[in-house]
Amino acid sequence: MDEKVIIFDTTLRDGEQSPGASMNAAEKMRIAVQLEKLGVDVLEAGFPAASEGDFEAVSGIAGKLKNTEVAALARTSKKDIDRAWGAIRNAAKPRIHTFIATSDIHMDYKLKMTRDEVVKKAVEAVKYAGSLTDNIEFSAEDASRSDPDFLCRIFEAVIEAGATTINIPDTVGYAIPQEFADLVKYVMAHTPNIHKAIVSIHCHNDLGLATANTLAAICAGARQAEVTINGIGERAGNTSLEEMVMALHTRPNYIPISTNINTEQIYPTSRLVSMITGIIVQPNKAIVGANAFAHEAGIHQDGMLKNPMTYEIMKPETIGLSASKLVLGKHSGRHALRSHLKELGYDLSDEELNIVFKKFKELADKKKTIVDEDLEVIVTEGILRTADIFCLDYLHVISGTTVLPMASVKLTINGRPVQGAGYGNGPIDAAFNTIAKLIGTRSELLRFSVSALTGGTDAQGEVTVRLNEDGLIALGRGADPDIITASAKAYINGLNRLEYLKAHPVISSEAL
Ligand code: KIV
Ligand code: ZN
């Protein structure tokens with residue numbers, strides 16, 4: 001099996017377009033480092049023209065990664081391409097990814113351009129990008145609803161102009177697997193210079209067919225797949241990396257094409273992305289969902305005991321989900337913690353280790369055993385969220401069957417301590433009302449959910465909130481052995497993310 005498909009990960013670009021999934025630069029960097037460890041070939045770090053924050057995050061990642069290609073997205077304007085190049089020019093392996101829509105509906109209504117104008121613009125953009133780098137990807141947005149002959153025409157022109165990868169996106173998740181495979185075959189058969197470029201696909205999951213379409217396209221000849229961790233992305237999301245990689249890994253007899261992915265890093269990467277974005281993985285999600293390897297029915301359990309292959313097509317260890325996790329406790333020392341964090345992919349400075357060690361000891365006083373998920377929370381909350389404006393210093397709640405629930409809260413806001421007390425319908429409502437009053441937020445709580453981070457009654461509660469302030473959506477996540485504290489942490493994290501969004505506005509398309 002020597003044929004390979006290039007894995008182009010767009011978790012930090014299309015994935016970040018999931019409502020509420022915005023990340024700060026440190027969080028993006030952490031994910032980028034993990035994606036390199038996972039073995040993705042190309043990492044799309046962002047859309048530098050979209051915001052100042054994106055530009056900074058992309059250039060930080062470009063300066064850090066050594067083996068992975070770093071791509072930056074740009075529309076076909078010179079201004080966008082300059083921004084993209086400015087952010088990735090220091091990368092070991094930079095790639096400019098430029099795109100323009102090619103479907104009649106997009107060209108007529110959105111771009112108000114003719115086919116000839118679109119081809120001209122695409123060619124000019126690719127030629128201009130070619131003056132900066134020889135690694136250029138061109139995407140025909142809404143390709144699956146475009147005239148196939150027009151696609152061939154524009155692909156031929158951009159390859160002639162210097163594009164080295166041409167991408168066929170199913171932008172609106174409209175394609176059906178056989179139809180999409182036929183489109184890829186058609187493009188490959190009718191674009192005369194196609195052998196000079198890699199054919200890529202980029203699928204969205206609006207009909208739940210993103211993985212199926214991606215696999216069908218690979219069978220038809222595509223050799224780059226654009227994917228995201230946990231399938232996060234615009235609307236219903238993108239093709240999930242773990243699903244398509246594990247499909248190839250599990251069925252090599254049917255599709256003899258491999259990837260460079262280190263599958264044992266799939267589960268840690270999925271956890272990290274979920275932890276940082278606040279987007280929970282549904283329990284029945286293929287490969288990485290909490291139930292993906294859980295066998296409930298007696299008849300299945302019986303079969304599993306006799307031979308795991310009766311009901312298990314993949315081993316949990318293959319995706320890095322080991323049954324026996326190294327467990328640390330209150331007697332574990334700094335050295336054991338450092339080496340375990342390193343195994344998890346966190347190479348911390350001495351100063352960072354001090355912060356994590358202190359929090360680890362605090363947690364170990366409340367909870368007998370500390371497992372990987374607990375450590376991930378500590379690092380996420382203690383290190384990656386250091387630039388927070390609002391920090392929780394203290395929370396005290398009174399509640400019960402005979403008292404009016406009351407919370408007293410002390411926060412630090414931009415380094416300044418503030419405190420207050422308030423009531424609510426329950427202890428969480430009381431805590432939220434008090435925090436909202438101290439911060440003076442106008443945001444509205446759209447969703448609140450609680451789950452347990454691990455098994456056992458001493459497990460940390462994990463809370464996710466979704467907030468809306470004047471159309472800006474932010475997710476917040478918090479974990480703590482006490483679910484009221486976890487809720488307060490999640491709320492404050494969501495409010496911090498709203499502040500980040502306000503401070504890093506996405507530049508409107510008209511302004512570019
Ligand atoms: O879905 C899409 O068409 C995209 C392009 C920018 C590749 O995300
Ligand atoms: Zn997309």
Side-chain angles (χ1 to χ4, degrees), residues 6-19 21 40 42-51 54 58 69-77 80-81 83-84 87-88 95-107 109-111 118 121-122 125-126 129 135-146 150-151 154-155 158 163-175 180 183-184 187 197-211 213-214 217 222 224-241 244 506 509 512:
I6 296 166
I7 299 296
F8 176 114
D9 182 279
T10 182
T11 305
L12 296 178
R13 199 278 297 169
D14 220 328
E16 207 207 11
Q17 289 174 218
S18 312
V40 306
V42 188
L43 183 159
E44 186 163 56
F47 187 178
S51 76
D54 233 23
V58 175
E69 277 183 36
V70 178
L73 187 67
R75 282 166 293 190
T76 44
S77 69
D80 262 34
I81 294 171
R83 263 330 247 170
I88 55 168
R95 174 185 293 199
I96 294 177
H97 177 192
T98 186
F99 74 100
I100 192 163
T102 52
S103 63
D104 289 336
I105 186 164
H106 276 234
M107 291 188 292
Y109 291 93
K110 188 180 79 171
L111 300 176
V118 167
K121 191 109 177 92
V126 170
N135 190 353
I136 305 154
E137 172 164 340
F138 171 77
S139 285
E141 192 190 8
D142 206 17
S144 56
R145 293 193 301 166
S146 302
F150 180 57
L151 276 185
I154 198 164
F155 285 149
V158 294
T164 42
T165 299
I166 58 104
N167 186 31
I168 309 178
D170 181 23
T171 303
V172 290
Y174 180 72
F180 198 53
L183 178 64
V184 170
V187 166
I198 304 274
V199 176
S200 169
I201 60 288
H202 172 114
C203 298
H204 280 268
N205 206 28
D206 299 66
L207 293 173
L209 292 171
T211 302
N213 285 333
T214 298
Q224 174 177 285
E226 303 200 351
V227 293
T228 62
I229 300 296
N230 300 335
I232 64 170
E234 186 82 37
R235 305 182 310 280
N238 291 56
T239 303
S240 114
L241 178 147
M244 74 123 327
V506 172
S509 44
L512 283 161

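Whatever order the structure lists ligands and atoms in, that order sets their numbers, starting from 1. Numbering starts at 1 and runs along the sequence shown.
Heavy-atom contacts from other residues, nucleotides or ligands closer than 6.0 Å to OH of Y174 number 12 or fewer.
Checked against the Zn ion (ligand 2), the N, O or S atom of H204 at the shortest distance is NE2. Taking the N/O/S atoms of D14 in turn, the shortest distance to the Zn ion (ligand 2) belongs to OD2.
Residue R95 forms a side-chain contact (heavy atoms from CB on, under 4.5 Å) with just one option from I136, T164, T165, V70, and that option is T165.
Here the straight-line distance linking atom CG of D170 with atom CG of N213 works out to 5.5 Å at 0.5 Å rounding.
When non-hydrogen atoms are compared, ligand 1 lies under 4.0 Å from the side chain of D14 (C-beta onward) but not from its backbone. Within the 4.0 Å heavy-atom criterion, neither part of E44 lies near ligand 1.
With ligand atoms numbered from 1 in the order given, ligand 1 contributes 3 (O) to contacts under 4.0 Å with heavy atoms of E141.
Under a 4.0 Å heavy-atom criterion, E234 is not in contact with ligand 1.
The N/O atoms of D142, backbone and side chain alike, include none that comes under 3.5 Å of an N/O atom in ligand 1. Between H204 and ligand 1, a contact under 3.5 Å exists for at least one N or O pair. When only interatomic distances are considered, the shortest N/O to N/O separation between R13 and ligand 1 falls below 3.5 Å.
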(request) Assess whether side-chain contact (heavy atoms from CB on, under 4.5 Å) is satisfied between E137 and E69, documenting all intermediate values. (result) CA-CA 12 Å; E137 172 164 340; E69 277 183 36; over 6 Å; no
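Taking the charged nitrogens against the carboxylate oxygens, K110 and E141 do have a contact shorter than 4.0 Å, which makes a salt bridge.
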